[in-house]
Amino acid sequence: MRIATWNVNSVRARLPRLVPWLQERRPDVLLLQETKCQDEQFPREPIEELGYNVEVFGQKTYNGVAILSKSRITDVQRGMRDEVEDKEARVIAATVDDMMLLSVYVVNGQEVGSDAYKYKLEWLARLRKLMWERYIMTEKVVVAGDFNVTFDDRDVHDPAEWHEQILCSTPEREALLRVMDSGLKDAFRKIHEEGGLYTWWDFRTRAFQRNAGLRIDHFLVSPPAYKACTVAEIDVEARKGQGASDHAPVVIEVA
DNA sequence: ATGGTGGATTTTCCA
């Protein structure tokens with residue numbers, strides 16, 4: 001099964017890039033983040049016409065996640081559904097075939113030490129708890145999306161520039177590793193040991209032209225899915241040209 | 001230290 005994740009930075013704005021990408025790449029599943037629209041505004045029809053089932057969890061203006069799948073989507077869960085009130089649409093979970101899937105859009109955090117940063121660390125702790133309480137790691141579990149955290153300096157184009165900055169700070173990296181202590185592993189790193197492979201390039205500094213990127217979009221997968229993972233790639237082509245998102249899609253193949 | 005670009009909604013917030 002081919003599974004992709006893509007922070008599209010508005011599904012409505014990205015539709016002219018998303019539809020041809022789906023036609024060309026034909027993943028079995030696509031997990032979307034930053035759809036940036038309410039559920040009734042989601043452009044379901046052009047995606048359903050390509051043969052995809054669509055499950056969405058959105059809100060006005062910000063955030064928003066979705067699952068597209070050629071196979072039937074069951075057991076859809078929207079939000080963390082824990083004891084904390086959550087006004088933001090950042091996680092949708094479902095089952096497709098023998099796989100438990102989550103599309104997550106982790107809090108950005110703005111700046112180390114800010115209120116948003118504290119919220120980010122708390123949000124990651126809640127995601128960790130969710131993985132321990134609701135998932136069985138002897139099953140195939142795939143948690144993918146925009147984690148807004150690099151694992152280590154291989155994921156950073158200029159480690160000195162980004163040292164202890166947002167997306168790269170030690171507390172964020174430790175919180176990401178704690179999300180995985182139920183047994184999840186970084187599927188991309190199974191296939192690619194080398195650094196210099198990025199999934200996000202800042203619009204503001206025209207970072208893509210300089211390949212000044214970070215790897216912050218990840219596939220965290222349970223041991224059976226990790227073992228079955230044979231391919232992992234970043235579709236840098238999709239980041240090129242007019243009307244691209246600031247993130248590239250990441251695709252894995254799980255036997 | 002600042003601002004650069006892009007999207008949604010609205011002259012500002014978020015990334």
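So that the names make sense, note that chain A is the first sequence line, chain B the second, and so on, each numbered from 1.
Here B:dT9 is the nucleotide among B:dT9, B:dG7, B:dT5 with the atom lying nearest to any side-chain atom of A:Lys60. Checking B:dT10, B:dA15, B:dG7 against every side-chain atom of A:Lys36, the shortest atom distance belongs to B:dG7. When the nucleotides B:dT9, B:dA15, B:dC13 are ranked by their closest atom to the side chain of A:Arg90, B:dA15 comes out on top. When the nucleotides B:dA8, B:dC13, B:dA15 are ranked by their closest atom to the side chain of A:Ala13, B:dA8 comes out on top. Comparing atom distances between the A:Arg12 side chain and each of B:dT9, B:dG4, B:dG7 picks out B:dT9 as nearest. Closest to the side chain of A:Tyr105, out of B:dT10, B:dA15, B:dG7, is B:dA15.
A salt bridge links A:Asp86 to A:Arg126: one of the charged nitrogens lies within less than 4.0 Å of a carboxylate oxygen.
Distance A:Gln110 CD to B:dC13 P: 11 Å, rounded to the nearest Å. Distance OH (A:Tyr117) to C1' (B:dA15): 17 Å, rounded to an integer number of Å. Spacing between atom CG of A:Asp146 and atom C1' of B:dA15 amounts to 10 Å, rounded to whole angstrom units. Whole-Å rounding puts the A:Gln59 CD to B:dC14 C1' distance at 12 Å. Rounded to an integer number of Å, the gap from A:Leu167 CG to B:dC14 P is 16 Å. The CD atom of A:Gln209 sits 11 Å away from the C1' atom of B:dT5 (whole-angstrom rounding). For the pair A:Arg210 CZ and B:dT5 P, the interatomic distance rounds to 13 Å; values are reported in whole Å. Rounded to a whole Å, the CG atom of A:Asn7 is 12 Å from the C1' atom of B:dG7.
Side-chain nitrogen and oxygen atoms of A:Arg14 include at least one within less than 4.0 Å of the OP1 or OP2 phosphate oxygen of B:dG7. Proximity of A:Thr205 to the phosphate of B:dG4: no side-chain N or O atom is located under 4.0 Å from OP1 or OP2. For B:dT5, one of the phosphate oxygens OP1 or OP2 lies less than 4.0 angstrom from a side-chain nitrogen or oxygen of A:Arg206.
Classification of the A:Trp6-A:Trp21 ring pair by plane angle, with boundaries at 30° and 60°, yields tilted. Ring geometry for A:Phe147 against A:His218 counts as tilted: the plane angle lies between 30° and 60°, on a 0 to 90° scale. Note: A:Tyr198 and A:His157 have perpendicular aromatic rings, judged against thresholds of 30 and 60 degrees for the angle between ring planes.
Taking atom P on both nucleotides, B:dT12 is separated from B:dG3 by 14 Å, rounded to a whole Å. The gap from the C1' atom of B:dG6 to that of B:dT10 amounts to 15 Å, rounded to the nearest Å. Annotation: B:dC14 and B:dT9 have their C1' atoms spaced 12 Å apart (nearest Å).
Heavy-atom minimum distance, A:Met80 versus A:Val91: N-CG1, 3.7 Å.
Both A:Gly109 and A:Gln38 sit near DNA chain B, but only A:Gln38 has its closest nucleotide nearer the 5' end. Each of A:Gly243 and A:Ala116 has a nearest nucleotide on DNA chain B; the 5'-most of these lies closest to A:Gly243.
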Exercise. Carefully, step by step, assess A:Tyr119 and A:Glu88 under the rule side chain to side chain contact (heavy atoms under 4.5 Å, CB included).
Key: CA-CA 12 Å; A:Tyr119 172 48; A:Glu88 299 180 330; 2.5 Å; yes
